[in-house]
Structure formats: structure tokens, C-alpha cells
There are 2 protein chains.
Amino acid sequence: MVRPGGRSARVQASVHAAVRELEAEQGREALTVPLVAARAGVTPSTIYRRWGDLQELLSDVAVERLRPEAPPEDRGDLASDLQAWAEQFLEEMASPPGRAYIRDALLGDPDGSNAGRCSAYAAEQVDVILARAVDRGERAPEVEAVMDRVVAPLMYRILFRPDRLDAAFARGLVAGLLDSPVR
Amino acid sequence: MVRPGGRSARVQASVHAAVRELEAEQGREALTVPLVAARAGVTPSTIYRRWGDLQELLSDVAVERLRPEAPPEDRGDLASDLQAWAEQFLEEMASPPGRAYIRDALLGDPDGSNAGRCSAYAAEQVDVILARAVDRGERAPEVEAVMDRVVAPLMYRILFRPDRLDAAFARGLVAGLLDSPVR
DNA sequence: GTGCAAAAGCTAATGCTTTGCTTTAGTTGA
DNA sequence: TCAACTAAAGCAAAGCATTAGCTTTTGCAC
């Protein structure tokens, strides 16, 4: 039986908060389950039972931090919207903390559900941009096309080839997609 | 000072072998540093000092296993070569063991060098295919284009969206790239 | 308000990890 | 070839994360 309210929710909130605080204060490396438990006012066994281990807990917290806080900015046309979004996405994800969150999210994720959530966040944002373009009467590519041609190359490089990544590369991906005759 | 030969090399080899044997015998989850050390005929502190922790050791071993063993098959033309390679790449990487190796390689990789090596392996294979095509007089895209339009989308889905991945998707990516007027 | 069950607390035992010191063995130069 | 030097491995004890069994709390349903 799932118990979303009451003590369970309080414990979850205080543990997440403890992770964020300690991460900010002492850095990612210093985190341990007993340390987080002490800050959260909880016994370590509670964390082990609910999350399994430190990695799964960090994965949960990382996914929360990767959730976009606002819909993408409306700049008036599809190309501008997509380019601005791609640049911002790259900037956030390629930054040292962004990279750490992505790694953590993938890391403690036995069934892939957290990774799926990250991908869904990006798809949602893209979908908003594309829907706006369609409302304006613009021709717009499919969400999947944007995922394959913009999001995937950015994420691949962030994970596998940390060097030579800049805003121009993101713009080029968007331009390449929008220039394709077959959208 | 680096000492590539002698005892260091023997220890490295026997530790790697121990990881592979135990992984096959008892499964990935059962691995611990003391267990690997015992099998390798080494003290645990040796492993901790050389690799830091279990994850970094597994990352090293995983990269070895992701190294391609043979150059890609020559089927006579670029489209066939690339499609066959993409399908095989997907099959290997998306399989449960393949996914485990990718995760391990990314996971215990503080500086990103192991991830870079994985990416370089794929780029090398692609490069062989493209060079063969050029030799035949075919027009061929740049390696970077193949990485962005074929490898990246495959890897992105393997990592972030494990469902809905099949050979047809890989073929579609290759076809989409080769159909592009601007290569 | 009573009963049930999920989740948290507590505690002791286990064993992974770290660390300081010693020993082994590969490398260099006479 | 031998001796000095030093990187790397062995050893052992201390520290601490993790697990597991049991008890207690607390949310939920009747």
C-alpha cells in the first residue's frame, strides 16, 4: 500500500532537503548515507530501506533538479524559439553541476525510469515550442525529429565528448534540422 | 613514474580477469572489491589504491569489453555498410549486457576519459566505413555527421528511452542521413 | 476508537574501506 | 653484475558504511 501523505512525505522531503543542503555545503563527494540521515533527522536504515543506497537517492534528487522550472521563452518564431531553447539546454546540461546531475540521474537508476523522466522533460519543452509554432501557422517538425537531431547529439557529446561544445554547435543542429526539406 | 611491465602488468591482468570471471559466474551484483581481490590473488588495498573503488575498476573493464574486435564488414557500398554497422551497434549496445557496460563505463569515470574512449571506438569504425566508400568513389558524409545523426540518437535512446528501439529505427537514421542533400 | 499494516526507529553484527607501515620487485647508473 | 632508489604490493588494524532482526510509531480503513 502506498502512503503518499503524513510521515512518509515528511521524511522524503527532509531527506531530499538534507541532500541539497549538504551538497551545497560540503560538496558532492562528502555525502554519505549516515551524514544525510543525521541532517534529515532520520535513521540511516530508513534511507537504505526506501532508496536502497546513496546512488539511488542522489538519482532521485538529481531528476528533481533537472526538471525545467518554466516553459520555454516565446520569441515569436519557431527557429528563434528552438535555437534559444537548445542553447539554454546545452548551457545548463553541459555545466559542471548539470553534468553531475545527469550522471547521478543515470547512475542510481536500475530500471531506467529516472532517465526516462529526464528525457520526458526535454520532450515536453520541445512540444510546447512546436505547438506554439503550429498555432502561428508555421510548419514544424515532429517532436521525435527534434529529439533525434538536436537533443540526442547534445546529450551524446555532453556524456561522451566533453570538449568542443558551444552555443554555435547547438544553433547548427537546429538550423540543420529546420533546413531539411523533409521535416 | 609509470611501470608498464612486470608485476604491475600482471596484477592489472589478473584483476581484470577476475572481474570477468566473477561477473560471468556470480553476476554483476555480487561483485565486491574483496571478492575480486581474492580471486585475483591480490590484497584489496591494492585495488583500492590503483582504481579508487569498485566503480572505477568496473569502468575500466567495461571499456575493454566495448572495444570492437573486428573492422566493420564490407558489403560493397556505403549504404549497406553503414546500415549493417548501425544495426549491429544497436544490437550490441542495447542488449542487457551492452547497456550494463555502457553504464559502468560512464559511471566510474570521474574525468570522462573512459567515455571518450567509447566514443572514439565508434568513430573509428565509422571512419573505416567512410574511407572505404571514398576509395570506391562514393560520396560520403563526414564522420561527425554520422556521429550526430546515427550514433548519438541510438545512444540517447539506449540510455534515456529503453523502449521502442529496433533495427528499423537504426536503418531509418542511416537512410535519413544519406538522403540529405547537404552531406 | 479499534485493528491492521506500512514505514520508521533502534541496535548489534557484518564486512567493506581506509590508512600507516613493511616488504617486494622493477629500474637506473656505476 | 651489483647496489641504490623508488613505485607498487602486502599486511594488519582501525573506522565506518551497510545489513538485518526486532520493536515502536503512525497513517488508513472499518
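Each chain gets a letter, A, B and so on, in the order the sequences are listed, and its residues count up from 1.
Heavy atoms of other residues, nucleotides or ligands lying less than 6.0 angstrom from CD of B:E144 number more than 12. Few gaps surround CD on A:E25; more than 12 heavy atoms of other groups in view lie less than 6.0 Å from it.
Rounded to whole Å, the distance from CG on B:D53 to C1' on D:dA17 is 14 Å. If you measure from atom CG of A:L35 to atom P of D:dT18, you get 12 Å, rounded to the nearest angstrom. The CD atom of A:E56 sits 12 Å away from the P atom of D:dT18 (whole-angstrom rounding). Atom pair A:Q12:CD and D:dT26:P shows a separation of 19 Å (rounding to whole Å applied). Rounding to whole angstrom units, CH2 of residue B:W51 and C1' of D:dA9 are separated by 12 Å. Note: CG (B:L31) to P (C:dC16) measures 12 Å, nearest angstrom.
Evaluation of the salt bridge (charged side-chain N to carboxylate O under 4.0 Å, His left out) test over residues 164-175 of chain A, restricted to residues two or more places apart or in two chains, returns A:E87-A:R171. Applying the salt bridge (charged side-chain N to carboxylate O under 4.0 Å, His left out) test to every pair with at least one member in residues 116-128 of chain B, sequence neighbours left out, gives no pairs at all. Listed by first then second residue, pairs satisfying ring pair (Phe, Tyr, Trp, His ring centres under 6.0 Å) with a partner in residues 26-50 of chain A number zero, not counting sequence neighbours. Listed by first and then second residue, the ring pair (Phe, Tyr, Trp, His ring centres under 6.0 Å) pairs involving residues 89-136 of chain B are B:W85-B:F89 (not counting sequence neighbours). Residue pairs meeting the salt bridge (charged side-chain N to carboxylate O under 4.0 Å, His left out) criterion with at least one partner in residues 56-72 of chain A, sequence neighbours excluded, are A:E23-A:R65.
Every residue two or more places apart in sequence or in another chain was checked for a side-chain hydrogen bond (donor to acceptor under 3.5 Å, both in side chains) with B:Q26, and none qualifies. In terms of the salt bridge (charged side-chain N to carboxylate O under 4.0 Å, His left out) criterion, residue partners of B:E21 (sequence neighbours excluded) are, by chain and number, B:R39.
Taking 4.0 angstrom as the limit, B:R50 places none of its side-chain polar atoms (N or O) nearer than this to OP1 or OP2 of D:dA8. When the side-chain nitrogen and oxygen atoms of A:Y48 are compared with OP1 and OP2 of D:dT18, one or more of them lie within a distance under 4.0 Å.
Comparing D:dG10, C:dC10, C:dT18 against the side chain of B:R49 picks out D:dG10 as the nearest. In the set D:dG27, D:dA8, D:dA17, D:dG27 carries the atom at the smallest distance from any side-chain atom of A:R10. With C:dT24, C:dA8, C:dT18 as the choices, the nucleotide that has an atom nearest any side-chain atom of B:R7 turns out to be C:dT24.
Although no hydrogens or angles enter the test, the distance criterion places no donor-acceptor pair under 3.5 Å between the side chain of A:D81 and the main chain of A:I129.
Residues of residues 39-47 of chain A having a heavy atom closer than 4.0 Å to DNA chain C, listed by number: A:G41, A:V42, A:T43, A:S45, A:T46. Residues from residues 17-28 of chain B lying near DNA chain C, meaning a heavy-atom separation below 4.0 Å, are absent.
A donor-acceptor pair shorter than 3.5 Å cannot be found between the side chains of A:R75 and A:Q83.
In this structure, B:V134 stands alone, with no Ile, Leu, Val, Met, Phe, Trp or Tyr side-chain heavy atom under 4.5 Å from its own, directly or through other members.
Connection of B:V128 to B:L66 is not established within any shared hydrophobic cluster, with ILVMFWY side chains joined at heavy-atom distances below 4.5 Å, either directly or through further cluster members.
Taken over five-pair windows at either terminus, the axes of the helix from C:dG1-D:dC30 to C:dA30-D:dT1 are inclined to one another by 40° (rounded to 10 degrees).
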Side chain to side chain contact (heavy atoms under 4.5 Å, CB included) assessment of B:S119 paired with B:M155: CA-CA 10 Å; B:S119 179; B:M155 201 56 101; over 6 Å; no

For nucleotides 14-16 of chain D, give me every protein contact, N/O to N/O, under 3.5 Å, one pair per line with atom names.
none

